[in-house]
Amino acid sequence: MMASNSKEQERTKEMKELEIIWETRLTPKPPFSFEHTVQKDTRFGANWYWLTPFESYEQGIMRSGFRVPETQEPVGLLVQSKGSVNQPSLEIKFFSYHSLSNFEKQQAMAVLRRSLDAERDIKEFYELSEDYPVLKQAKQDLYGARIAPLPDLLSTVMLSIVLQMASEGRTEQMLKLIYNNYGKKLEFDRHEIIVSPLAEQLRKVSEEDLRTKCKLGYRAKYIKGAASLIAEGNFPNLVNLETISSDDVKRLLMQIKGIGEFASEVVTPHPSFPVDIWSVKIFCKLFGISESRKPREMISLVKEYAKKEFGVWQKYVYEYIVNDLENLSEKFGLDL
DNA sequence: GCGTCCAGGTCTACC
DNA sequence: GGTAGACCTGGACGC
């Protein structure tokens with residue numbers, strides 16, 4: 001009887017809205033644009049959401065969420081810019097069913113700083129941009145935007161797999177079905193968001209369920225395989241991958257079935273240029289690279305060009321262009 | 001309404 | 001080691 005009541009209380013608690021458990025502030029290095037960092041061009045951006053495909057950005061307020069590393073506790077998040085691009089200041093409210101320990105607070109803030117790339121000095125990138133008309137324009141359009149990874153390895157790997165062989169609409173469909181079916185729904189501040197499923201949970205889902213409920217097709221076995229590998233706990237997390245050399249990270253990631261050259265470049269925390277068959281033509285046109293071979297063969301040439309010209313800033317170059325493509329296509333006469 | 005084709009990548013069998 | 005073909009699914013297109 002007691003156990004039953006306790007379960008009932010737990011269910012009721014889980015269903016009610018989360019409460020504010022911690023308020024704090026974050027001061028990123030200027031120039032920093034909160035809007036351009038969390039709000040991407042939904043038509044072209046590879047990472048067209050900030051932390052989860054089920055988040056809400058209205059009137060300068062972002063409501064989103066993630067799981068605290070180590071404990072995997074889901075937290076809701078409300079972030080609002082209270083400063084300017086040159087004097088940035090963010091007001092942050094965390095929502096949860098439980099209070100967070102000091103360790104969890106530190107972990108949560110570390111995720112947030114990383115997901116905003118808040119501590120990077122991007123002046124060098126902007127200096128480099130002056131030498132390329134297309135980058136100069138993108139810098140002007142997206143001034144202060146930061147390029148940042150998703151909050152955890154599993155969500156990044158899942159994104160890289162559903163990006164393959166799929167239009168933007170189809171990618172979004174698969175991703176939202178995964179989160180809808182297996183993610184954690186959080187209600188707070190009269191909004192509902194969904195954070196990433198747990199690897200442990202996804203590994204237990206049958207391949208057939210993933211295939212049919214999430215319309216993943218042949219990707220179902222890759223998602224399940226990746227979740228199993230991550231759940232085992234022996235694979236380095238995103239933070240640990242930063243401490244491993246870029247080549248080794250790539251080799252490690254490509255050991256996961258379904259992660260090839262392109263997907264490893266999407267996932268790696270190191271500088272990369274995840275150009276694919278769709279974007280390779282665009283980069284050739286924008287940077288005046290001669291399209292001397294078939295598009296698939298041009299991919300490695302464009303990547304070499306990006307590595308040589310942009311070095312540690314290649315991911316910034318890639319994302320600034322992809323996220324500003326609508327403006328750039330008009331100004332530079334691209335036929336998208 | 002129905003059939004066919006194709007897509008922002010990766011794996012595998014075959015040579 | 002290099003490469004052609006298969007792979008889920010859904011949208012676009014032609015009839």
Side-chain angles (χ1 to χ4, degrees), chain A residues 40-49 53 147 149-150 153-182 202 205-230 235 249-268 272-287 289 291 293-303 305-306 314-315 317-326 328-329 334-336:
Chain A
K40 307 286 173 58
D41 186 316
T42 54
R43 280 210 301 148
F44 304 112
N47 287 8
W48 60 86
Y49 51 89
I147 308 308
L150 291 173
L153 183 64
L154 178 65
S155 44
T156 319
V157 167
M158 289 194 300
L159 172 66
S160 75
I161 291 173
V162 297
L163 278 170
Q164 299 167 19
M165 278 290 283
S167 61
E168 183 256 326
R170 175 105 174 83
T171 294
E172 188 179 3
Q173 177 195 44
M174 291 185 276
L175 209 52
K176 285 191 166 176
L177 283 169
I178 295 173
Y179 277 68
N180 239 326
N181 280 297
Y182 306 109
L202 273 187
V205 179
S206 73
E207 203 179 302
E208 181 59 22
D209 271 1
L210 281 176
R211 191 187 304 276
T212 52
K213 287 186 183 169
C214 306
K215 298 186 189 298
L216 286 170
Y218 68 91
R219 302 171 192 85
K221 59 177 177 292
Y222 297 151
I223 299 275
K224 187 174 164 65
S228 300
L229 196 68
I230 293 168
F235 203 86
V249 167
K250 207 165 173 177
R251 253 193 299 279
L252 211 52
L253 289 170
M254 285 173 72
Q255 284 170 11
I256 302 174
K257 283 263 185 291
I259 302 286
E261 179 79 25
F262 165 79
S264 72
E265 301 240 340
V266 172
V267 177
T268 180
S272 67
F273 206 74
V275 66
D276 50 30
I277 203 80
W278 164 81
S279 56
V280 73
K281 289 182 180 175
I282 291 165
F283 286 107
C284 284
K285 285 196 176 73
L286 290 177
F287 290 112
I289 303 167
E291 295 181 67
R293 300 188 200 168
K294 290 177 190 165
R296 206 164 281 282
E297 293 169 6
M298 288 305 296
I299 289 176
S300 56
L301 297 181
V302 169
K303 279 204 282 213
Y305 175 89
Q314 48 187 301
K315 208 162 208 168
V317 171
Y318 178 88
E319 291 282 345
Y320 259 67
I321 288 178
V322 167
N323 288 320
D324 194 35
L325 213 44
E326 196 157 17
L328 297 177
S329 66
L334 285 181
D335 184 21
L336 295 175

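The sequence lines fix the lettering, A, B, ..., with proteins before strands; numbering per chain opens at 1. Only this structure's heavy atoms are used, side chains among them; waters, hydrogens and symmetry mates stay out.
- Annotation: side chain of A/Tyr182 is in contact with side chain of A/Leu210 (closest heavy-atom distance under 4.5 Å).
- The base-pairing partner of B/dT4, taking Watson-Crick or G-U wobble contacts with both distances under 3.5 Å, is C/dA12.
- Between A/Lys221 atom NZ and C/dA6 atom C1' the separation is 10 Å, expressed in whole Å.
- Nearest nucleotide to the side chain of A/Glu168, out of B/dG8, B/dC11, C/dC8: B/dG8.
- Among the atoms of the strands shown, none is found under 4.0 Å from any heavy atom of A/Ile161.
- The residue A/Ile299 sits apart from the nucleic acid: no heavy atom pair falls under 4.0 Å.
- A salt bridge links A/Glu172 with A/Lys176: the distance from a Lys NZ or Arg NE/NH1/NH2 to an Asp or Glu carboxylate oxygen falls below 4.0 Å.
- Within the nucleic acid shown, A/Arg211 comes within 4.0 Å of sugar-phosphate atoms alone, with no base atom in reach, counting heavy atoms only.
- Distance A/Glu207 CD to C/dC7 C1': 13 Å, rounded to the nearest Å.
- In this structure, A/Tyr318 places its OH atom 12 Å from P of B/dG8, rounding to the nearest Å.
- Look at A/Lys215 and you'll find a side-chain N or O under 4.0 angstrom from OP1 or OP2 of C/dG10.
- Looking at heavy-atom distances under 4.0 Å, A/Ala263 makes contact with sugar-phosphate atoms alone, never a base.
- Nucleotide B/dC11 holds its P atom 10 Å from the OH atom of A/Tyr218, rounded to whole Å.
- The side chain of A/Lys257 sits closest to B/dC11 out of B/dC11, C/dC7, B/dT10.
- Checked against the 6.0 Å centroid threshold, A/Tyr305 and A/Phe283 do not count as a close aromatic pair.
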